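Shown next, in structure tokens, is the structure this report addresses.
Computed from a prediction, not measured in an experiment: that's the story for all the values here. Whatever order the structure lists them in is the order used to number ligands and atoms, beginning at 1.
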Amino acid sequence: MTVARKIDDIMTQSSWIRKMFEEGARLKAEHGAGNVFDFSLGNPNLPPPEKFNEILRDTVDSCGLGDHCYMPQAGYPQVCVSIAEYLTEEQGVAMTCDEIIMTCGAAGALNVIFKALLDPGDEVLTPTPCFVEYRFYADNHGGVLKMVETKSDFTLNLDALEEGITAKTKIVLINSPNNPTGQIYDQASLDALGNLLQRKSGEFGHIIYLVSDEPYRKIVFDDARVPSIFQSYGQSVLATSYSKDISIPGERIGFAAVNPGATCKRELMAGMALTNRILGFVNAPALMQRVVACMQGMSVDINEYKRKRDLLCDGLADAGYDFTTPPGAFYLFPRTPIEDDVTFVKELQKELILVVPGSGFAGPGHFRIAFCVEDQTIVKALPGFKRVMQKYN
Ligand SMILES: Cc1ncc(COP(=O)(O)O)c(C=O)c1O
């Protein structure tokens, strides 16, 4: 066998996901991409804010000697200063550049954090449904992903979390607004989680860290807000990126931020600078660091995503689908009318609609619709969604 056993296992286990993508590619080749309604990927369809191109051009024009060189592993100090200033406002906690490390997206941030924190066999506990890659990120560093269910509206189930914490739990990982549900965890539940982790850390005699993965923080609708974990729990670390809110996932830029009040902040920051290097990232992309430093607080027009959400939710409610309206992100996670979500998704494929079964996110009995698509894709797909639902009524 050429490929390592573990990688081969992963490829085999996720083969049905691959089959779905292959089926999608086949449908597009047969019917033309324009006639297939592809809601399978969380790839933002809005262009970056206009300012992005302007700042990018100015940044390139102002590049001088040394501006493409290696730098401190945590990133350019001036960039970290800009981010710390912005976070001080956003998080309501005074931050300095010493608490920020620039990374290759939120995925890079999570891997840097996990490698710095996990010993072999340590557990990472996360509520489900969850982002499909978490299992691999934990495993990359010898950790084991453990999952606990959320409530039926996908909010945190504190009792389940308490039951899931063991002597091996090193990290509790949350993601709000959530992929795939769009749910946001409110202040009261984060405060309760903070209290729980403090109590359990005392009980087990080691710090249990709270890691919050927040690349969708700015994509919230109506009067929803995403509370700060820094205010709820001292031993917390934030992982985020500019991938979704300014639509630049291909540029691989994000950061990790450690709570200024964390007990072992200095060791953790030094550890993360090292892991950024030895994971092979070395440092986050130089040009993009300088660009995002000038884009603090900016985002694409969130009303565009809200309009798409409403269009989709109104249409699916009318067709008889059952779902929790997402207050954030650009995903809807409806319940399937039959238990077998893979079969249901295949029925949707017959209508040339591509979505992802909930099983892929440890949320069976559901499916994920990524609505970061053209309005027309939603409008044209709605009759197909309706016809499939009618088969089960
Ligand atoms: C919940 C979640 N975390 C992390 C990531 C990775 O983001 P990035 O592209 O910034 O690495 C994604 C991307 O889809 C995501 O949905």
Ligand 1 atoms nearer than 4.0 angstrom to some heavy atom of Ser241 are 10 (O)
Counting heavy atoms under 4.0 Å, the part of Ala107 that contacts ligand 1 is both
Quick note on ligand 1: atoms under 4.0 Å from a heavy atom of Arg252 include exactly 8 (P), 9 (O), 11 (O)
Test your reading of the structure: does Tyr137 have an N or O sitting under 3.5 Å from an N or O of ligand 1? no
Taking only non-hydrogen atoms of Gly105 and a 4.0 Å limit, the atoms of ligand 1 in range are 10 (O), 11 (O)
- Message: Quick check: Tyr134 and ligand 1, any N/O pair under 3.5 Å apart?
- Response: no
Under 4.0 Å from one or more heavy atoms of Ser243, ligand 1 contributes atoms 8 (P), 9 (O), 10 (O)
Checking heavy atoms under 4.0 Å, the part of Glu133 that sits near ligand 1 is neither
Is it true that Asp58 and Arg290 make a salt bridge, defined as a side-chain N closer than 4.0 Å to a carboxylate O?
no
- Message: Can you classify the ring geometry of Phe204 versus His206 as parallel (below 30°), tilted (30 to 60°) or perpendicular (above 60°)?
- Response: parallel
Determine, using heavy atoms of Tyr216 and all atoms of ligand 1, whether some pair is separated by less than 4.0 Å. yes
for atom 14 (O) of ligand 1, nearest protein heavy atom and its distance come out as Lys244 NZ, 2.9 Å
Atom 7 (O) of ligand 1: closest protein heavy atom, distance to 0.1 Å, is Ala106 CB, 3.7 Å
*Aromatic rings Phe255 and Tyr242: how do their planes relate, parallel, tilted or perpendicular, breaks at 30° and 60°?*
tilted
Rounded to the nearest 0.5 angstrom, the OG-CG distance for Ser232 and Asp191 is 4.0 Å
closest protein heavy atom to atom 12 (C) of ligand 1 is Phe131 CZ, 3.4 Å
The atoms of ligand 1 lying under 4.0 Å from a heavy atom of Asn175, numbered in the order shown, are 1 (C)
Value for CZ (Phe136) from CD1 (Ile10), rounded to nearest 0.5 Å, stands at 4.5 Å
Contacts satisfying salt bridge (Lys or Arg N to Asp or Glu O under 4.0 Å) that involve residues 113-128 (not counting sequence neighbours) are Glu123-Lys146
Check your understanding: Between Phe154 and Phe333, does the ring centre distance come in under 6.0 Å?
Key -> yes
For Asp213, the atoms of ligand 1 under 4.0 Å from one of its heavy atoms are 1 (C), 2 (C), 3 (N), 4 (C)
Over 60° means perpendicular and under 30° means parallel, so classify the ring planes of Tyr392 and Phe344, tilted if in between.
tilted
Paired with Arg368, the side-chain hydrogen bond (donor to acceptor under 3.5 Å, both in side chains) test is passed by just one of Asn179, Thr181, Asp341, namely Asn179
